[in-house]
Every structure is written in structure tokens, then in C-alpha cells.
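For reference, the structure is listed below as C-alpha cells.
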Amino acid sequence: MSRSAGSSLLSGVCVRFLTGHTALSSCSSSSSCCWMLSSRQQSSARGAMNVFNREMKRRQRRWAASLQDSHKYDYLRDEVGSRVADRVYDIARTFPLALDIGCGKSHIAEHLSKDVVERLFLTDISDETLKQKRECEIPTHCVLADEEFLPFKENTFDLVVSSMSLHWINDLPGALRQIQQVLKPDGVFIGAMAGGETLYELRCSLQLAETEREGGFSPHVSPYTAVTDLGNLLGQAGFSMLTVDIDEIQVHYPGILEVMTDLQGMGESNCAWNRRSLLHRDTILAAAAIYEEMYGNEDGSVPATFEILYMIGWKPHESQAKPAKRGSATASFGDLSKISQPTSTEKS
């Protein structure tokens, strides 16, 4: 994925190319009913870890969706959404009722067909984003809701999906437990979120520049979940038959300013409480030089790496395969070396 090096920061016009596979399925237009439910409880009420300013994230998403050229910043969400949809298609069943948490402009739904999902609920923290949802052939219902407070009853959905939303949640273990609760037994959760190595080039360049020019640094890039923790979080939330895998998507930009501009246009700016709101001009110029020197390409562009963590977890059900009891094996690992040895035959 690359951003044209000749694009202008002021005009915001740019061309981006995707590398790797892109699974796009066409969706026909269909009428959809839309109803709104506001859930604005404060995260402090739950006593959870409070790393992110959720109200600021809501404002960032709303502002990004209000841009006239907001579609130009959807390339990453479109790509990840298509890869989440691919994983839905890998499961050979039809889901009567599904939920998309943090749907954005329905970046997953546009890649799904009604043969796989018969009815879909779309939730997002931003009302402006929900108003711009894309048409698809699946009947959809829009719900304005915070990902940390799902307003649904237990055992409601056959499938829950989420793409590029969960990395902004304060209480990720609690959110995963809520997802597990709203799933029906033998229901499946398929999600994607930014991982710990996301934007390491930007993070390193800003830290080095700030240390050099200001004698110390503060966080400018959001903290992300490590892949080594994700499996444990899913298990603690009550999911079974877990699958976790990693993708790296690299986007090439003309420079560091374009990286930061696109993050803002995506609604992916840092909203941590301990963030520093402003950067000095000298620090930005130094960071741009460091970025280009350490990571720059021969054509003058610079890469930005997005580590995407994909997760699949099932709500337990008696019909699911279970591991054999300890000590019930009928063969020994010590016999594995004998498998390739020819068997002796008796002489007649």
C-alpha cells in the first residue's frame, strides 16, 4: 500500500495502492431501517483502567467523518475489513443475526453477502460515521453505542465482528466478556485490532527528535495490545477454540506530515489522557529528518507499518469438539521414530 509521493498536503489529494490480496465483494443496494440508541455512561463507573479519553475519541471520529474527502482516508479500514470478511467466509455456516462493533462506514458489511449473514446490527461511537454507512445487500440496523457498553441482551447474536476499533477501549478484558455474553452458545467472534508494533517508525522518530530538541519525550502514539497477551485475554473472557494471527500492512507516504495527516483523517489520532497536545515546529522538522534517514525508501517515500492482530473465539457449547482427557492416549511419542521403519513380513 503506498501513497503517491507527489500528493499535496494542502490539497489532501493522494493516490494509494494496496499491496497484498484485496478481497472485494460487490453489494447491491437494499433498504435498511436505522434506529439510534445512545449509551454514554462514563467508563469510570466501572472502575476500569482509564487510559483513553473516550469522549475525545468520539469527537475525533465525528470530525473525521465530517470531512468532505473523508473517503480518501478509508483505505486501511477497507483493507482490514475485507480480511475480516474473508475469515467469516471461512466458516461454513449461515449466521441469522450478526453484530458489527465499531463498524465505521460498514467496512466489513460491504464485503459480506446475505447468504452468509441474514441480518446485521451496526454499532459505532460516532453518529456522523453511522450516517455515512455504505449500502450492502444485508438488512442492517444502526445503533449509536459505545464499544465499552454493549446495549444488548445475553445470547442474542450468532456472530460478532469488529475491525480497527477495540484498540481504543479502556477495559479490553471487560469488552471481550461483554462480546462473549451477547453471543449465543456456539456463536463466534471475529475481530481485528492494531497491535503493539503499529507505527513503530513514527513512534521512534518522534521520541528521538523530542529527546534531542527538548531533553525528554512524552507519548504521541497510542499504546497497543501485544499479540502475546491477546490469547490470554480471550481465554479469560470465556472463549474457546481460539485463533490469533498477525498481518503487517505497510503504507508508503511522502513524509511524516502526510502520515500524521492521514491518521487524523482516519480518526486514529492519539486520545490517551497522558498525550501531549502540541509538538514544537523544531521537533517536527527533526522527526521528519530522522524518519527519512532511518526508514526512508530510495524513491524518497517513508513507510508506516500497521501490525493487525486477528482473533477468532467461540462461545462454548456441548456440541464443540473437546480435548481428550489427560492420560487417555493409546500411542506414545516414543513410537514416532518407528513410523518410517519398514514392517517385516512373514515368509510363507
* With the 4.5 Å side-chain cut-off for hydrophobic clustering, are I290 and Y295 part of the same group? -> yes
* Asked: Could you go step by step and tell me if V259 and E201 meet the side-chain contact (heavy atoms from CB on, under 4.5 Å) rule?
  -> CA-CA 10 Å; V259 176; E201 303 98 339; over 6 Å; no
* Residues two or more places apart in sequence or in another chain: which of them pass ring-ring contact (aromatic ring centres under 6.0 Å, His included) with F157? -> F121, F152
* To do: Could you please spell out the steps behind the side-chain hydrogen bond (donor to acceptor under 3.5 Å, both in side chains) verdict for T198 and E307?
  => CA-CA 5 Å; T198 296; E307 182 186 61; 5.2 Å; no
* Do L202 and L208 share a hydrophobic cluster (ILVMFWY, side-chain heavy atoms under 4.5 Å, transitive)? -> yes
* E258 side chain to Y253 backbone, donor-acceptor under 3.5 Å -> no
* To do: Measure across P139 and E118 and return the closest heavy-atom pair with its distance rounded to 0.1 Å.
  => CD-O, 3.3 Å
* If Ile, Leu, Val, Met, Phe, Trp and Tyr residues are connected whenever their side-chain heavy atoms lie under 4.5 Å apart, and connections chain through other members, are M56 and F149 in the same group? -> no
* **Close side-chain approach of R134 to H107, heavy-atom, < 4.5 Å** => yes
* Shortest non-hydrogen contact from A109 to L120? -> CB-CD2, 3.5 Å
* To do: Can you see which heavy atom on L263 is nearest to which on F306, and at what distance?
  => CD2-CE2, 4.1 Å
* **In one Ile/Leu/Val/Met/Phe/Trp/Tyr side-chain cluster, 4.5 Å: V244, L172** => yes
* Between I308 and M164, does a side-chain contact (heavy atoms from CB on, under 4.5 Å) hold up when you go through it step by step? -> CA-CA 8 Å; I308 310 299; M164 299 300 289; 3.8 Å; yes
* Ion pair check, D100 and K133, cut-off under 4.0 Å -> no
* **Backbone N/O of I101 and side chain of S162: donor-acceptor pair under 3.5 Å** => yes
* Backbone N or O of L97 within a donor-acceptor pair of the D158 side chain at under 3.5 Å? -> yes
* Asked: With distance as the sole test, does T305 use its side chain to make a donor-acceptor pair with the main-chain N or O of Q250 at under 3.5 Å?
  -> no
* Could you verify whether a donor N or O on one side chain and an acceptor N or O on the other, from E147 and S165, lie under 3.5 Å apart? => yes
* Audit row: S269, Q60, side-chain contact (heavy atoms from CB on, under 4.5 Å) steps and yes/no -> CA-CA 7 Å; S269 299; Q60 290 175 352; 3.8 Å; yes
* **Donor-acceptor pair, side chain of S240 and main chain of W314, under 3.5 angstrom** => yes
* Carboxylate-amine/guanidinium contact E268 R77, below 4.0 Å -> yes
* To do: To the nearest 0.5 angstrom, please state how far the CD1 atom of I312 sits from the CD1 atom of I91.
  => 5.5 Å
* Counting distance only, does the side-chain N/O of Q132 pair as donor-acceptor with the main-chain N or O of A65 below 3.5 Å? -> yes
* Asked: Does F189 reach the side chain of M311, with side-chain heavy atoms less than 4.5 Å apart?
  -> yes
* Structure fact -> Value for CG (L199) from CD (E197), rounded to nearest 0.5 Å, stands at 11.0 Å
* Is the count of non-hydrogen atoms from other residues, nucleotides or ligands lying under 6.0 Å from E128 atom CD greater than 12? -> yes
* Okay, side chain of D299, backbone of S301: is any donor-acceptor separation there less than 3.5 Å? -> yes
* Structure fact -> For M266 and Y73, the nearest pair of non-hydrogen atoms, with its separation, is CG-O, 3.4 Å
* To do: With the side chain counted from C-beta on, respond yes when Q264 and W63 share a heavy-atom pair under 4.5 Å apart, and no when they do not.
  => yes
* To do: Mind running side-chain contact (heavy atoms from CB on, under 4.5 Å) on L99 and I179 for me, showing each step along the way?
  => CA-CA 10 Å; L99 169 66; I179 293 172; over 6 Å; no
* Enter the distance from I169:CD1 to D146:CG here, rounded to the nearest 0.5 Å. => 7.5 Å
* Asked: Under the 3.5 angstrom rule, does the side chain of K57 hit a backbone N or O of G267 as a donor-acceptor pair?
  -> yes
* Asked: What is the distance from atom CZ of R119 to atom OG1 of T140, rounded to the nearest 0.5 Å?
  -> 11.0 Å
* To do: Give a yes or no on whether V302 and L285 share a hydrophobic cluster (residues Ile, Leu, Val, Met, Phe, Trp, Tyr; joining criterion: side-chain heavy atoms under 4.5 Å apart).
  => no
* **For R61 against W168, the heavy-atom pair lying closest together** => NH2-CD1, 3.4 Å
* To do: Over all heavy atoms of both residues, which pair between G235 and L242 is shortest? Give the atoms and the distance, please.
  => N-CD1, 3.8 Å
* Structure fact -> One should read off an interatomic distance between D115 CG and L112 CG, to the nearest 0.5 angstrom, of 11.0 Å
* To do: State whether the side chain of S70 and the backbone N or O of S66 hold a donor-acceptor pair below 3.5 Å, judged by distance alone.
  => no
* Asked: How many angstroms lie between CG in N155 and CG in L183, if you round to the nearest 0.5 Å?
  -> 9.0 Å
* **K114 atom NZ, over 12 foreign heavy atoms within 6.0 Å** => no
* Distance-only, no hydrogens or angles: does the S126 side chain make a donor-acceptor pair with backbone N or O of T129 under 3.5 Å? -> yes
* **With K105, the side-chain contact (heavy atoms from CB on, under 4.5 Å) member among L130, D74, D124, D78** => D74
* Quick one: does NZ or CZ of R87 land under 6.0 Å from the six-membered ring centre of Y310, within 45 degrees of the ring axis? -> yes
